[in-house]
Structures are given as structure tokens and as C-alpha cells.
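These notes are about the structure you will find just below.
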Amino acid sequence: MSDEKMKFRVGLGVTGGIAAYKAIEVLRLLQKSDCEVRVAMTKHATEFISPLTFRALTENYVLVDDYEPDNPDPIAHINFSQEIDLFLVVPATANTLAKFANGIADDFLTSTYLASTAPVMVAPAMNTTMWDQPATQRNIANLREDGVYFVEPVSGELACKTVGTGKLEDVENIAAQALSLLTKKKTNSPEAIGKSQDLNGQKILITVGGTREAIDPVRFISNHSSGKMGFAIAEAAAKRGAEVTVVSGITTVEPPDGVKVVPGISAEEMHTSVMRELSGKTIFIGAAAVADYRPRSVADAKIKKEKKDSMSLDLEKTTDILAVVSENRHQGLTVVGFAAETNNVVDYARSKLEKKNLDMVVANDITKKGAGFNTDTNIATIIVRGNPKAIDLPIMKKRELADNILDEVLKLKTARKSA
Ligand code: PMT
């Protein structure tokens, strides 16, 4: 192919799964779109399909093992990885994802991943149980954090005759996503070169952590919030160019750099701080776990036991900060709430969206392993006003979820602007 016609150079990695034969179709589609494709395979992939097939289709030596005597290039993994615009892995097995996530480079394909400066896109395919394994999901979350692009597997009948998530996405869609990424990369679109400064000009106010409601000078009512989720959003927003203010309750983690932090220890103090900081903000996110009730009166001195077998506290409702912000919103303010639920998660979250007239709700089932309070990961469903379809997200680092939430906020703002 002449250089004028050739648009992109793609390194196609093929790993050892039953879907390996579908990589041929992806290769053909990329070639039809004027891409020059070179292929690297794992040894197990060659059990499913012969390197000769790819060699015939690409007119290039297919790399499986650097040390093969007939390998024409003595430092193949370096040269191969430096001469591509995209490293696309179809299918990506759980084993290969695990190696990528942990920097293991024990064959040509995994060495190429480590040596490559090109963007990496993977299209996983595997049995549902393997996909759902916490280890696999952890590796996926880490790889996303490292900037790897995913073409998610779909649900369907798998080779093992079970039905579930793990089926390779349609080859047309894989090729389309690869081409779209290559095009964005070429035109330097912010989406492709990282999140960039896409929140430049946005002024974001976030409530973070748990509140403390005093009973007496010694005791208080509180909850398990660590502030990890709220600070993750603050960090992501600041990195993407937003001006970020956090009203912080009790937290166990350090606030990120570049963020203004204002205290709001009790629900009342948090409410006061929020109202003081709200002017001119373009986005409000209520990530704090605010007490719904507080003692009606706070004792001046330590309450004594006085041989009582029981005691009761008279509680009164606190101000619902999120509802007040939403009710009194100024023009251009997008209001996002969280919903920490233990059952009927999406239904309860939707009813919060309606009752508090929110633009978006991030629902998390705090009973799920790896979700909710004081974890580094979360499992969330994002519900956007006007969108009947909830966005179900898999387990991921709170920092990654933060970017997903901000992406949806930005989409909503852009859609409203152009409406
Ligand atoms: O801090 P982490 O350890 O990382 O934990 C994260 C988290 C579980 C706290 C977070 O992901 C979360 O779900 N935050 C909201 C917790 C909560 O209080 O949910 P809720 O369903 O009770 O409240 C709904 C919304 O109203 C929330 O946005 C809350 O901030 C807001 N609210 C509630 C009561 C109140 N008086 N004022 C409020 O603003």
C-alpha cells in the first residue's frame, strides 16, 4: 500500500480464546479502511488459528516469539511497538489483561504492550464467571486507570453454551471504535489525548465525607463515610481544569492538591458553608453522607449514666442541603446527588431524582462488596434526567468513577446548551 493512501498503522494482538478467529474479520475491516496491520499472537492463540493465515493476509511475518530462529527482527518487540499508531488486542483473554495490568512481559505480545507508546485498545472475550471475577474486574479497573481503552464484551450465548456477559463485541463495532480512536488521536481531540482540560471554566462545589451531630461535648452521631468518593471527584475535576471547592465533613483521606477545602462538620455547618460558597458555581455535587437527623438539643456537659438501663435521644430533621440547593438553583447550575441504598437501588434513586428535582443521581448499593463506604472502588448506576435508561457501571476505582460522573455531567451540559 502506498504511504499516501495508508491512513494508520495498527498492531493487532491476538490472544488465546475461541474468538481468536474473529480477529481475521477485524483485520480485513481495518485493511478496507486503508490501515496497514501487523499481527502479534500469543502461543495459545496459535492453537486456535494459524499464524500463516495472518501472514497471508498481511504479507508480513507474524510475531509469536522473539526468539524464533526465522524471526527477521532481533529486537522485534521494540520495533513493532514503536511503529504503530494503535495496539489493538482482539480477543483479549483474562490472562492477558492480568499480565498487562501487572506489567508481566513474558512473551512477544505482552512485551509489546510494555514497550508501546501508542494507545492501547482491548476487546475482551471470556466466560462470564471469568469476566465477573473480582481479580479480572480489578485488573480492568487498573488498566482503565492506566489509560487502556476497552471495547466491552456483550451479553449472549458463549462458546461454553452458557448465556451471560463475555461475548466479543461485533467485529464491525471493534473496527469502528479503533478507527474512531485513531482519527481523534490524529486530530488531537481531547477525548483521545486524555480528559485534557475539558472542565475548564466550570466552577464545581462538592460536599464530601460524613457529618457529626453532637449529643454532648463527648459524643456524636455519625456514619462511615471516608470522603474517598467525594475527593476522587474533586481531584478528577481539578485535573480536568475545573475550579473546585469542597465542603468537607469528617474524612479519613487527604484532600487532593489544587482544591479549596471549607469545613462543614455538622449538617448545619455544611449547609451554611454550601450556601456561602454556592454563588457563581456551575455544578453542585452532593457526595457527602449528611445526617438526616440530629439531637434536638446538645447537652452542655457530659451526659452521666446515672444507673439508667436505657436512654433515648430526641432527634429532629436536618436541612436537606441537596434539596435546598436544587430548589434555589441559579441559572446554569447542574445539580447532582448521590443515593446510598441497600435495596431497590435504582427505584429509590429515581425517586430522589424526582423529589429533589435533580439533574443526575449516582446510585450506589452500599451492601455490595467493593462498593460504598471507605472502599477504594465503587459500583454505581448513573441516572440522568430525561434519560429513561440508567447507566450501569461495573466495579471500578472511585477515581475512575469520578471521571465517568464528570463525563455524564459534561454531556448533559453540552446537550442542554445546544437544545
Ligand atoms: O465517602 P466514602 O467512604 O467514599 O463513601 C462514599 C459514599 C457511600 C458516602 C457516597 O458514594 C454516597 O453515596 N454519598 C451519599 C450518601 C448519602 O447520604 O446518601 P442519601 O441517599 O442518604 O442522600 C441522598 C443525597 O442527599 C446525597 O447526595 C446526600 O449528600 C444528600 N443529602 C442528604 C441528607 C441531607 N440532610 N442533606 C443532603 O444534602
Side-chain angles (χ1 to χ4, degrees), residues 204-213 221-236 246-256 264-275 277-278 283-294 315-329 334-383 393 395-402 404-405 409:
I204 309 190
L205 181 61
I206 309 169
T207 62
V208 170
T211 61
R212 261 184 194 174
E213 310 304 326
I221 300 170
S222 191
N223 58 64
H224 297 289
S225 176
S226 62
K228 287 182 181 177
M229 187 68 246
F231 278 146
I233 301 171
E235 183 184 276
V246 163
V247 177
S248 175
I250 297 298
T251 62
T252 59
V253 286
E254 283 293 309
I265 304 299
S266 65
E268 194 181 354
E269 193 189 351
M270 189 172 270
H271 176 219
T272 307
S273 297
V274 163
M275 296 327 273
E277 296 291 333
L278 193 61
I283 300 167
F284 175 81
I285 303 179
V290 187
D292 292 315
Y293 291 90
R294 66 169 164 238
L315 301 177
E316 65 179 4
K317 246 191 154 153
T318 58
T319 305
D320 190 323
I321 304 167
L322 183 63
V324 170
V325 167
S326 176
E327 217 174 280
N328 299 292
R329 69 172 76 192
T334 303
V335 182
V336 180
F338 266 76
E341 306 292 350
T342 53
N343 56 316
N344 294 339
V345 178
V346 173
D347 288 350
Y348 283 137
R350 258 194 205 287
S351 90
K352 273 181 185 152
L353 181 93
E354 294 308 330
K355 260 199 228 147
K356 301 191 191 186
N357 190 29
L358 307 175
D359 297 301
M360 189 184 296
V361 170
V362 182
N364 36 195
D365 180 343
I366 54 164
T367 62
K368 278 195 186 154
K369 197 167 166 256
F373 293 115
N374 203 21
T375 48
D376 291 328
T377 53
N378 206 351
I379 307 166
T381 302
I382 300 179
I383 300 164
L393 296 170
I395 187 168
M396 62 180 74
K397 291 240 167 91
K398 281 183 174 166
R399 180 60 180 74
E400 192 192 351
L401 174 59
N404 277 279
I405 294 166
V409 173

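None of the values given here were measured: they were computed from a predicted structure. Every number for a ligand or one of its atoms is a count from 1 in the order of the listing.
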(request) Looking only at non-hydrogen atoms, find the nearest pair between Ile321 and Ala267 and report the distance. (result)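 Ile321 and Ala267 have their closest heavy atoms at CD1-O, 3.8 Å.
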(request) Verify the neighbour count for atom NZ of Lys356: are there more than 12 heavy atoms of other residues, nucleotides or ligands below 6.0 Å? (result) yes
(request) Mark yes when over 12 heavy atoms from residues, nucleotides or ligands other than Glu277 sit less than 6.0 Å from its CD; otherwise mark no. (result)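 For Glu277, atom CD is crowded (more than 12 foreign heavy atoms under 6.0 Å).
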Can you pull every nitrogen or oxygen pair between ligand 1 and the protein closer than 3.5 angstrom?
from	atom 1	to	atom 2	distance (Å)
ligand 1	1 (O)	Ser225	OG	2.6
ligand 1	1 (O)	Ser226	N	3.1
ligand 1	1 (O)	Gly227	N	2.8
ligand 1	3 (O)	Ser226	N	2.7
ligand 1	3 (O)	Ser226	OG	2.6
ligand 1	3 (O)	Asn374	N	2.6
ligand 1	4 (O)	Ser226	OG	3.4
ligand 1	4 (O)	Lys228	N	3.3
ligand 1	4 (O)	Met229	N	2.8
ligand 1	4 (O)	Lys398	NZ	2.7
ligand 1	11 (O)	Asn364	OD1	2.6
ligand 1	13 (O)	Asn364	OD1	3.4
ligand 1	13 (O)	Asn364	ND2	2.9
ligand 1	14 (N)	Ala287	O	3.0
ligand 1	19 (O)	Ala340	N	3.4
ligand 1	21 (O)	Ala340	N	3.2
ligand 1	21 (O)	Lys352	NZ	2.4
ligand 1	26 (O)	Lys356	NZ	3.1
ligand 1	28 (O)	Gly286	O	2.6
ligand 1	28 (O)	Phe338	N	2.9
ligand 1	28 (O)	Phe338	O	3.3
ligand 1	30 (O)	Gly286	O	3.4
ligand 1	30 (O)	Ala288	O	2.6
ligand 1	36 (N)	Thr318	OG1	3.3
ligand 1	36 (N)	Thr319	O	3.0
ligand 1	37 (N)	Ile321	N	3.1
ligand 1	39 (O)	Leu322	N	2.9

Under 3.5 Å, which donor-acceptor pairs do the side chains of residues 343-351 form with other protein atoms, sequence neighbours left out?
from	atom 1	to	atom 2	distance (Å)
Arg350	NH2	Pro388	O	2.9
Ser351	OG	Tyr348	O	3.1

(message) Applying salt bridge (Lys or Arg N to Asp or Glu O under 4.0 Å), can you list everything that pairs with Glu213, at least two apart in sequence or on another chain?
(response)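 Counting only residues at least two positions away or on another chain, Glu213 forms no salt bridge (Lys or Arg N to Asp or Glu O under 4.0 Å).
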(request) Applying salt bridge (Lys or Arg N to Asp or Glu O under 4.0 Å), name anything that partners Asp359, two or more places apart in sequence or on another chain. (result) Arg329, Arg416
